[in-house]
Amino acid sequence: MIMKAVALAQVPGTAETLSTLAAHVAAGALSVPVTAVHDLEQAAQAFAAFGAGALGKIAITVT
């Protein structure tokens with residue numbers, strides 16, 4: 001299965017869309033890699049990257 005990458009924040013959420021995505025995740029057919037890890041002090045940069053459409057998960061670490 002080929003899935004097009006889209007920023008979910010830009011797609012109107014529906015119960016059907018979320019249900020379909022959940023089914024793909026549960027089946028192991030969909031995974032989203034962590035592409036960037038930021039310290040808490042870099043949270044502003046992390047949110048800026050997200051807002052710019054960065055693909056993958058952006059993680060913020062808190063220690």
Side-chain angles (χ1 to χ4, degrees):
M1 170 185 295
I2 297 174
M3 300 188 81
K4 181 180 177 185
V6 296
L8 291 179
Q10 299 173 357
V11 176
T14 65
E16 182 181 348
T17 300
L18 295 175
S19 183
T20 300
L21 287 172
H24 287 307
V25 170
L30 175 66
S31 65
V32 181
V34 174
T35 56
V37 178
H38 298 271
D39 292 329
L40 182 58
E41 294 80 17
Q42 298 172 322
Q45 292 92 334
F47 281 103
F50 175 75
L55 296 178
K57 292 181 183 177
I58 300 171
I60 298 174
T61 58
V62 179
T63 54

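We number each residue from 1, following the sequence as shown.
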Distance-only donor-acceptor pairs under 3.5 Å for side chains of residues 43-53, two or more places apart:
none

**Complete:** Heavy atoms of L40 and I60 approach each other most closely as CA-CG2, 3.8 Å
**Asked** With T61, which residues qualify under side-chain contact (heavy atoms from CB on, under 4.5 Å), at least two apart?
**Response** V37, D39
